[in-house]
Amino acid sequence: MEGTASKDHGSIPRRPTRIDKFRLLRRQLSGQPPFRLCTFALVAVAWLFLVLVRLWYLQVDQGDSFVEKARNQHQGIIEIRADRGVISDRFGEKLAFSTPVESIAVFPSRIQNPEITARLLANVLEMDYRLLYRKLEKRQFQFVKRLAEPGEAERVRNLSLIGIHFEKESKRYYPQGTVASHLLGAVGVDHHGLAGLEQTFDDPLQGQPGKRLVQYDARRNGYAGITLEDTVPGAQLALTIDQRIQMVAEVELARAVEETRASAGTIVIMDPHNGELLAVANWPTFNPNEPVRNQQDLKRRNNFALSTLFEPGSSLKIVTVAAALEENLTTPDEVLDCEMGAIYVGGRRIRDYKPFGELSVSEVLAKSSNVGTVKLGLRLGDRTLHRYLVRFGFGQKTGLPLPGETAGLLRSPEDWQADSMGSIPIGQEIGVTAIQLARAVSVIANGGWLVQPRIIDLMIHPDGREQRREVAQRRRVISPKTAATMRAMMEGAVRDGTGRRAGTPGYRVAGKTGTAQKVDPDTGAYSKTAYVPSFVGFAPVNQPSITVVIVLDSPVGDYYGGLVAAPVFPRVATQVLRFRDVPPELPVPGPLRPEPPPPPVEMADVISPQPAPRVEEWQAGQAILVAATQHPGSAPRATPPPGAVSPLSTGGPPASGNGVSVRVTDRSVPDFRGQTVRQVVSHATALGLHLEWSGHGRARRQWPRAGAPVARGQKVIVEFVTALAGDARKR
C-alpha cells in the first residue's frame with residue numbers, strides 16, 4: 001500500500017538535489033561550452049590584460065616620472081642667493097653692500113583665524129589690513145613683506161602666530177644714503193639692479209647662487225637639508241669716485257639749488273688727464289634705500305648729468321675760439337669790430353648784452369661777445385665748425401657704463417638753416433650733457449687730448465683676480481700751443497671777465513660762464529623766463545688737477561651763469577684741491593677789500609640789455625677761505641672783508657659794531673669738536689648749515705661757538721687738526 005501510494009505521487013516533479021545539479025553540470029561540460037561561460041572567460045582575460053598594461057605604464061613607461069613626483073613631494077631644492085658684490089669708492093669706502101635680513105611669509109592653510117592674524121600683522125607692519133586679508137584667503141604660500149627691517153621681523157616673531165614663516169634673504173644697503181645715488185642706482189626686491197651701475201653690472205654683481213636639498217614632511221614643513229652647491233659671491237666694483245669729493249659736490253649743489261630756487265642741477269668733477277670722474281652730483285636726488293612710491297620718486301632718479309640735454313650757451317664759445325686759433329684764422333691779440341653789439345646772419349639779428357666796439361679775441365672770450373664769436377664762426381665755416389664740435393666729443397655718447405646716456409644733439413651741416421651760423425658758434429641749436437661739456441673743457445686743460453670719461457677703476461672677481469677697465473686711447477684734438485693759449489684766455493675770463501666770481505683764493509683758475517634760454521614746449525620758441533646758467537672751469541691753470549662743470553636749471557630771480565653758477569666753483573674747488581693735495585700756488589693775500597661791482601655777465605640770447613648784477617652782501621657768520629692754515633694741502637683760513645665777521649677764533653661772538661645782526665632762532669650750533677670731517681658735514685647738512693672747514697683729522701675749533709643761536713643757512717667754520725685724530729691719514 002505504501003509502495004502503491006508512492007507511485008501514485010510520482011507524477012509530481014521533485015526538486016533537483018545537489019547531486020542532480022552536479023550530474024547536470026558534468027554533462028554540460030562534457031559537451032559544447034555555453035555562450036555565457038565563454039563571455040566570462042573573455043572578460044577575465046581582457047581585464048587581466050588591461051591590468052598588465054596599466055602596470056607596465058605605471059612601473060616601466062612612467063616609472064621615472066612618478067618617482068620624481070614622489071621625490072618632489074618629500075624633498076625640494078632651494079636656490080641660495082649669493083651675496084651681491086660690494087661697490088666702493090677709489091679708496092675702498094663702501095658705497096653699496098648686502099646685509100642679511102628676513103622676509104615675512106605665511107602658509108594660509110595653517111592660519112586658524114585669518115581676520116585676527118591680518119589685523120595683528122597690519123598693526124605691527126603698518127600695512128593695509130585689506131591687502132593682508134586677501135593674502136590670507138588664498139591657499140598658496142604668500143610673502144607678506146619682503147626684505148623686512150630687523151625690528152619688524154622681531155616684532156612679528158614675538159606674536160607667535162601659527163602659519164608665519166621667516167625666509168632668510170639679503171638686502172642691498174647704501175650706507176651713505178643719497179651720496180652718489182644716481183651713479184649707484186638701486187636693487188629691487190627680486191635682487192636685480194634697477195638703474196645705474198647696479199643695472200649695468202647686474203650679472204657680475206649677483207654672483208652664482210648655491211643649491212640646498214631640503215626634506216619635507218606631509219605638511220611641507222622642512223626638517224632636514226644638505227648643501228649641494230655653495231654660493232659664489234658677486235664681483236666687487238671699485239669706482240673712480242672719491243666719496244669725500246662726492247659729498248662736497250652734493251652739499252654745494254644742494255646749497256646752490258636752495259639759494260637760486262632752481263628746479264634741477266648738476267656738478268661734475270673730472271680729472272682732465274685721464275677722464276676719471278671724481279664726483280657726479282645731481283639734484284633732485286633720492287635715497288636708494290627707499291622704494292619708489294610714486295611718479296615723483298621716479299623722476300628724482302633721473303641722472304641729470306648724463307640724460308638731460310641743454311643748450312650750453314656761451315660755454316660753447318671756447319670751442320669756436322679754439323677752432324679758429326687751431327686753423328690759424330685768428331690770434332689772441334687780433335682786434336675785432338663787434339659792430340656796437342649787433343650783427344645780421346641769415347636775416348637774423350644777433351645782439352650782445354651791451355654794445356661793444358673793438359675787442360681783441362681774448363676780450364671777446366672774456367667779455368663773452370656774441371658778435372665777435374659769430375664772426376670767428378663765419379671764418380671757420382659750417383663744415384669746419386661741425387668737424388671741431390665732433391672732435392671735441394659733442395653729438396656722441398661718452399661711453400660711460402651707465403644706462404640712460406644720451407648722445408646729445410648735433411645736426412650735420414646739411415641740415416643747418418641759413419641763420420644757424422649765428423646760433424651754433426654761441427651755443428644755440430646744439431644739445432649737450434654736463435658730462436660731454438666736462439670732457440670738452442678737459443681738452444683745453446690737458447693740452448689738447450680728448451679723453452674718455454671713466455667711472456669704473458677696478459673689478460675684483462671672487463677668486464681675487466683684479467681686472468682693470470681698459471682706458472680708451474686718447475685722441476689729439478688741438479695742438480698743445482692752442483691749448484696753452486686757450487688756458488691763458490680762459491684765465492682772463494675769470495680774472496677780468498664774466499667769470500670773476502669763480503676766482504678761488506690761492507689758485508689760478510680758468511673758466512667760462514654760460515647762460516642759455518630754454519625752449520618753451522608750448523610755443524617752440526625761446527622762453528623769456530626759463531634759463532640754464534652754467535660755468536665750466538679748471539684749476540690750477542698750468543697743471544690742472546680738476547675740471548668742474550656746474551649747471552643749474554631754471555633758477556628763480558638771477559639767472560646769469562656768472563652770477564649764480566660761477567660762485568659755486570670756489571666753494572667746490574677749494575675743498576676738492578685740498579683733498580687732492582694740491583697746495584696753493586699764489587701768495588696768501590691780506591684782508592680782502594670789498595670788490596667793485598662785476599661787469600655784466602653774458603647772455604647769448606638776451607634781446608634787451610640787462611641790469612648789472614648787484615654786489616653780494618656779506619652776512620654775519622659768513623667768510624671766504626683765503627689762506628692755508630695748517631700745511632700746503634690744507635684749506636685756506638677764513639678771513640672776511642672789513643665790516644664782516646672776525647677771523648676764525650676759538651669761540652665767541654662776532655665783533656660788535658659791524659652793523660650786521662644775526663637772526664636769533666631756536667636753533668643752536670652743536671659742538672663739533674673731536675668729530676671727523678664726515679661727521680661734521682653730515683651733522684651740519686642735517687641742520688641746514690653751510691659748512692666751511694680747514695685742515696683734516698678731527699675738529700679743534702669752530703665759529704660760532706657751540707650753543708650759539710644760528711639761523712638756517714648761516715655759515716659755520718670748523719678747523720680740523722690731524723694731530724687730534726690719533727692716527728695718520730689713510731690717504
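The shown structure was predicted, so the numbers you read here are calculated from the model rather than taken from an experiment.
Checking Thr482 against Thr485 by side-chain atom types alone, no donor-acceptor pair falls below 3.5 Å. The closest side-chain donor-acceptor pair between Thr285 and Ser181 falls under 3.5 angstrom. In this structure, a donor-acceptor pair under 3.5 Å is absent between the side chains of Thr320 and Lys317. There is no side-chain donor-acceptor pair under 3.5 Å between Glu326 and Tyr388. Looking only at atom types and distance, the side chain of Thr676 has no donor-acceptor partner in the side chain of Arg698 under 3.5 Å away. Glu429 and Ser423 are linked by a side-chain donor-acceptor pair at a separation below 3.5 angstrom, with hydrogens and angles left out of the test. Of the N and O atoms on the side chains of Ser442 and Thr547, at least one donor lies less than 3.5 Å from an acceptor on the other residue. Defined by atom type and a distance below 3.5 Å, a donor-acceptor pair is present between the side-chain atoms of Arg580 and Ser545. Between His191 and Gln206, the side chains place no donor N or O within less than 3.5 Å of an acceptor N or O (distance only, hydrogens not considered). Side-chain atoms of Ser314 and Ser368 include a donor-acceptor pair closer than 3.5 Å.
From Glu93, atom CD reaches atom CD1 of Ile87 across 15.0 Å, with rounding to the nearest 0.5 Å. Residue Gln467 holds its CD atom at 6.0 Å from CE of Met459, rounded to the nearest 0.5 Å. For the atom pair CZ (Phe392) and CG (Leu316), the distance works out to 9.5 Å, reported to the nearest 0.5 Å. Once rounded to the nearest 0.5 Å, the distance linking OG1 of Thr433 with CG of Leu306 reads 6.5 Å. Note: Arg476 CZ to Arg391 CZ = 10.0 Å, rounded to the nearest 0.5 Å. The distance from the CG atom of Leu458 to the CD atom of Glu466 is 5.0 Å, given to the nearest 0.5 Å.
Looking only at side-chain heavy atoms (C-beta outward), Met486 and Val321 come within less than 4.5 Å of each other. For the pair Leu239/Leu184, a side-chain contact is recorded, criterion being any heavy-atom separation below 4.5 Å from C-beta on. Looking at heavy atoms from C-beta onward, Leu325 lies in side-chain contact with Pro332 at the 4.5 angstrom threshold. In this structure the side chain of Leu237 never reaches within 4.5 angstrom of the side chain of Ile460, judged on heavy atoms. You'll find the side chain of Val319 reaches within 4.5 Å of the side chain of Phe394, heavy atoms only. Counting heavy atoms from C-beta on, the side chains of Gln236 and Leu205 never come closer than 4.5 Å. Side-chain atoms of Leu183 and Leu402, non-hydrogen and from C-beta on, do get closer than 4.5 Å to each other. Leu400 has its side chain within reach of Ile435: a pair of non-hydrogen atoms, C-beta onward, lies under 4.5 Å apart.
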Note to self: Set out, in order, the CA-CA distance, both residues' side-chain angles and the distance that settles side chain to side chain donor-acceptor pair (under 3.5 Å) for Ser315 and Ser534, then state yes or no.
What the structure shows: CA-CA 7 Å; Ser315 297; Ser534 62; 2.9 Å; yes
Next item on the list: Please step through side chain to side chain donor-acceptor pair (under 3.5 Å) for the pair Arg454 and Thr240, ending with a clear verdict.
Entry: CA-CA 7 Å; Arg454 299 175 57 237; Thr240 63; over 6 Å; no
Margin query: Is there a salt bridge (Lys or Arg N to Asp or Glu O under 4.0 Å) between Asp457 and Arg468? Walk through the geometry before answering.
Written below: CA-CA 6 Å; Asp457 180 44; Arg468 291 197 174 273; 3.2 Å; yes
Item checked: Working for salt bridge (Lys or Arg N to Asp or Glu O under 4.0 Å), residues Glu252 and Arg255 -> CA-CA 5 Å; Glu252 294 301 337; Arg255 173 181 173 182; 3.8 Å; yes
Note to self: Go through it in stages, so that I can follow the logic: the residues are Ile318 and Met490, the test is side chain to side chain contact (heavy atoms under 4.5 Å, CB included), and I'd like the CA-CA distance, side-chain angles, deciding distance and then a yes or no.
What the structure shows: CA-CA 8 Å; Ile318 59 176; Met490 292 176 66; 4.0 Å; yes
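Remark: Arg508 engages Glu491 in a salt bridge (Lys or Arg N to Asp or Glu O under 4.0 Å) (not counting sequence neighbours). For Phe201, the ring pair (Phe, Tyr, Trp, His ring centres under 6.0 Å) test picks out no residue, with sequence neighbours left out. Residues satisfying the side-chain hydrogen bond (donor to acceptor under 3.5 Å, both in side chains) test with Arg84, not counting sequence neighbours, are Glu198, Asp202.
Listed for the Arg487 side chain is a donor-acceptor partner under 3.5 Å among the backbone atoms of Ile444. Thr178 places no side-chain N or O within 3.5 Å of a backbone atom of Asn287 that could act as its donor or acceptor partner. No side-chain donor-acceptor contact under 3.5 Å links Asp496 to the backbone of Ala366. Side-chain N or O atoms of Gln436 include one that pairs as donor or acceptor with a backbone N or O of Ala407 at under 3.5 Å. Not one N or O on the side chain of Thr498 forms a donor-acceptor pair closer than 3.5 Å with the backbone of Thr513. Between the side chain of Asn446 and the backbone N or O of Gly448, at least one donor-acceptor pair lies under 3.5 Å. Listed for the Asp89 side chain is no donor-acceptor partner under 3.5 Å among the backbone atoms of Asp242. Listed for the Ser369 side chain is a donor-acceptor partner under 3.5 Å among the backbone atoms of Gly372.
Note on ring orientation: taking the six-membered ring where Trp is involved, the planes of Phe286 and His182 are perpendicular (angle over 60°, cut-offs 30° and 60°). Using cut-offs of 30° and 60° for the angle between ring planes, the Tyr531 and Tyr559 rings count as parallel.
Between Thr266 and Ala305, the shortest heavy-atom contact is OG1-CB, 3.3 Å.
Salt-bridge formation is detected for the pair Asp553/Lys518: a Lys NZ or Arg NE/NH1/NH2 atom is positioned less than 4.0 Å from an Asp or Glu carboxylate oxygen. We find that Glu405 and Lys397 are not joined by a salt bridge, their nearest charged nitrogen and carboxylate oxygen being 4.0 Å or further apart.
Around the CD atom of Gln543, the shell of radius 6.0 Å holds no more than 12 heavy atoms that belong to other residues, nucleotides or ligands.
For Arg475 and Trp449, the positive end is not near the middle of the six-membered ring at less than 6.0 Å and at most 45° from its axis.
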